[in-house]
Amino acid sequence: MPAALLATAEPRRTRGGASSAVRYNRPRRRSEQSIWVPESLYRGDDYCDEAVAVYIKVSALDARRTWPASRPGEDPCTARVAELAAALGMSPSAVERGLTQLNRPGPEGEPWLRTKQRTHRGGDGRSALRYARLVPRDQAALEVPVRVAEALTPRRLRAWLHLARATAKGLPVTAAELAGELRHHTGKHAGEPLSEKTGYRLLDDLEAAGWLTLGRRAGHRARHAVTVNTSPLHAVPAAPEAAVDDSVDDALFPVSDLLPSPATDIHDGVGPADHDGSLATREDHSLTTDGRAGNLEIRRRRDSGSYRPRAVENPAGDTVRRAAQDQKRINNGGGTPYRGPGLQLSPRVWQVLEPVRPELPSISPYVLRRIGQEIGRQLSAGVGMERLTTRLLTRYSRLTAHGPAAERARRGDVGRWILGAGLPRHGCRLDSCEDGVTWATRERCHLCANIAAAAAEAERLAAEEARAQQPAAAAPPPEPPAPSRPPTTWLPWPPPPPDPGPVLPDGDEREQLRAAATPEAVRQALAVHGAPTAIRLYGHALVLPHLTKHHDEGTTAS
């Protein structure tokens, strides 16, 4: 056993000293043993009903280890799940559900059971070791005989614990208060308290089983006086005097025919929940409780009126039998055929049913008689035949507007459609309103218009209120400032390239130009293009005299 599990398991104590910190469970015979059950386990909705019964049984089997005077090295509870289920009268899935909740930390932070899995050396599984946590002495608890958990179902056990607590404290209890303490733990009503009717049924079941003595209207303010029994008490009925009849052989009657059929317990079946247990959720109703074939479905007996079976000595003749469509059988599928009066409808009813006349042969006589009664009721109330005929014709046209396939699909149920959708008036509370239109004037009903406007306004206000209640969108966080840019350094604009000057002619043209050069052309070239260009055009010989002359003139002038 791991050290952590040993530390959390209930330590062994000797007499005196710290032994008064917990309530010990004395190991005794099963019929005499009692277990301390904490009040937090069976009150509230933290644990299911099965967890209470499982804790009582596991604590009883673990008492040999937790008792101070027990021998050292005593094993805890080693019973398998199947053995616990057989001892408590529950399914294995219910026991596993209770063990799962007990192994989880409760409201106090500690689980009520500790489980240690173990296996053989070969790898085969063995029964787990289960350690029960004892109830602290400073915590409210109730001492419960183990036989109560083995005899009662989990829900009745929990109800018995609540009644035992109320009896110990002298509190008057009603069926409604008892049902309010119990909860649904599975299904769509999980977490809700039981109904008052279920509380009455639990009281009656506990009283019938002998675990409760109920004084009707004998308590405070005409409440029931409840006395809880730790052993089932049953009144011994007087033996009936059997009539002596030598002509009857007792061996011809089986004993099962003389005993009442046992009550079916529906609190915990094969698979009480879809998340825990086997997948079998339906029972085989073809077998009775004693194994004989039969039908256990609930049905109502019809032994009066037109459903009364015919007397054997007075069979009905052929004149009493109607057509085959007037024979209606009882709900059991193979009973006596319907022998009531034939179908008779007034001409006014046939005139109203004129739009659906092709559908009438497929309607049973019972449904057709119901349709005739509904038409007669509306005609007697003042609704005209024309209005009923128009109503039925309009709605039947809408029904068959989707083609023959839809018509054939609805034909088998057209009788119920006439009763539920074809004949009822649709509109507001005004008798003159017909599908939102006033029948006499063929105008839109003002009351229906007001109702539609009010509904639209209410829907608009609800939408505005919903939008107003929605939290405003949070403003986006401000963006971080952009990093500072370095200062811009402007580079100087590059100087323009030097002017290449005019395009100089090539060698032949240059020779011709120099040959035809005159002093005026040379001086003009010097004035326009400058000395370097003029020298490239005309050469040094022609340009230098003019340059010397120009220089001398400039010097003299200065």
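Side-chain N or O atoms of Q101 include one that pairs as donor or acceptor with a backbone N or O of C48 at under 3.5 Å. The closest donor-acceptor contact from the side chain of N229 to the backbone of G210 lies under 3.5 Å. Distance alone, capped at 3.5 Å, places no donor-acceptor pair between the T198 side chain and the L194 backbone. In this structure, the side chain of W160 engages the main chain of W211 through a donor-acceptor pair within 3.5 Å. Of the possible polar contacts, one joining the E177 side chain to the T174 backbone as a donor-acceptor pair under 3.5 Å is found. Judged purely by atom type and a 3.5 angstrom limit, R118 uses its side chain to pair as donor or acceptor with the backbone of S127. Side chain of E207 to main chain of D204: no donor-acceptor pair is present (N/O by atom type, distance under 3.5 Å, no hydrogens or angles). Judged by distance alone, with hydrogens and angles left aside, the side-chain atoms of R23 form a donor-acceptor pair with the main-chain N or O of R137 at under 3.5 Å.
Classification of the Y24-W67 ring pair by plane angle, with boundaries at 30° and 60°, yields perpendicular.
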Under the salt bridge (charged side-chain N to carboxylate O under 4.0 Å, His left out) criterion, do E39 and R43 qualify, and how do the steps go? CA-CA 6 Å; E39 186 175 317; R43 294 199 67 191; 3.1 Å; yes
Walk me through whether W112 and V135 qualify under side-chain contact (heavy atoms from CB on, under 4.5 Å). CA-CA 9 Å; W112 287 106; V135 182; 4.2 Å; yes
Q139 vs S40, test: side chain to side chain donor-acceptor pair (under 3.5 Å). Steps then yes/no. CA-CA 9 Å; Q139 188 176 357; S40 60; 3.1 Å; yes
I363 vs I418, side-chain contact (heavy atoms from CB on, under 4.5 Å): CA-CA, chis, key distance, verdict: CA-CA 10 Å; I363 304 176; I418 294 175; 4.1 Å; yes
Taking it one step at a time, do L202 and R155 satisfy side-chain contact (heavy atoms from CB on, under 4.5 Å)? CA-CA 9 Å; L202 290 174; R155 177 168 292 178; 4.1 Å; yes
List the steps, then state whether side-chain contact (heavy atoms from CB on, under 4.5 Å) holds for R104 with T100. CA-CA 7 Å; R104 295 174 181 171; T100 302; 3.4 Å; yes
If you apply the rule salt bridge (charged side-chain N to carboxylate O under 4.0 Å, His left out), what do you find for R130 with D62, and how did you get there? CA-CA 8 Å; R130 296 181 175 88; D62 192 33; over 6 Å; no
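Side-chain contact check for Y47 versus P107: some heavy-atom pair is nearer than 4.5 Å. Side-chain atoms of P105 and E110, non-hydrogen and from C-beta on, never get closer than 4.5 Å to each other. Counting heavy atoms from C-beta outward, V95 and E50 have side chains that stay 4.5 Å or more apart. You'll find the side chain of D49 stays beyond 4.5 Å of the side chain of L157, heavy atoms only. Using a 4.5 Å heavy-atom threshold, the side chains of L152 and L206 count as touching. Residues L129 and T115 have side chains not in contact (no heavy-atom distance under 4.5 Å, counting atoms from C-beta outward). The shortest side-chain heavy-atom distance between L212 and L163 falls under the 4.5 Å cut-off. Between V414 and S362 the shortest side-chain heavy-atom distance falls below 4.5 Å.
Atom-to-atom distance recorded for H189:NE2 and H184:NE2 is 6.5 Å, nearest 0.5 angstrom. The distance from atom NE2 of H162 to atom CG of L171, rounded to the nearest 0.5 Å, is 12.5 Å. The structure places CG of L41 at 9.0 Å from CG of L161, a figure rounded to the nearest 0.5 Å. To the nearest 0.5 angstrom, Q373 atom CD is 10.5 Å from I371 atom CD1. Atom CG in L182 sits 14.0 Å away from atom CD in E192 (nearest 0.5 Å). Distance check: R429 CZ to I451 CD1 gives 6.5 Å after rounding to the nearest 0.5 Å.
Using modelled atom types, one finds a donor on one side chain and an acceptor on the other under 3.5 Å when comparing S231 with R147. A donor and an acceptor atom, one from each side chain of N25 and T66, are nowhere located under 3.5 Å apart.
Here the closest non-hydrogen pair linking R64 and E74 is O-CG, 3.5 Å. The minimum heavy-atom distance linking L178 with G199 is given by the pair CD2-O, 4.3 Å. Closest non-hydrogen pair, L88 versus A149, comes out as CD2-O, 3.9 Å. In terms of heavy atoms, V37 sits closest to Y42 at CG1-CD2, 3.9 Å. Closest heavy-atom contact between L99 and V81: CD1-CG2, 4.1 Å. The shortest non-hydrogen separation linking A179 to P193 is O-CB, 3.9 Å.
Between D75 and R65 no salt bridge is recorded (no basic side-chain N to carboxylate O distance below 4.0 Å).
Heavy atoms of other residues, nucleotides or ligands lying less than 6.0 angstrom from CZ of R183 number more than 12. Within 6.0 Å of atom CZ in R425, more than 12 heavy atoms from other residues, nucleotides or ligands are found, so the atom counts as buried in its surroundings. Within 6.0 Å of atom CD in E32, more than 12 heavy atoms from other residues, nucleotides or ligands are found, so the atom counts as buried in its surroundings.
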Donor-acceptor pairs under 3.5 Å, side chain of residues 54-61 to any protein atom, not counting sequence neighbours: which ones?
residue: Y55; atom: OH; partner: R133; partner atom: O; Å: 2.9
residue: K57; atom: NZ; partner: E150; partner atom: OE2; Å: 2.6
residue: S59; atom: OG; partner: Y55; partner atom: O; Å: 2.8

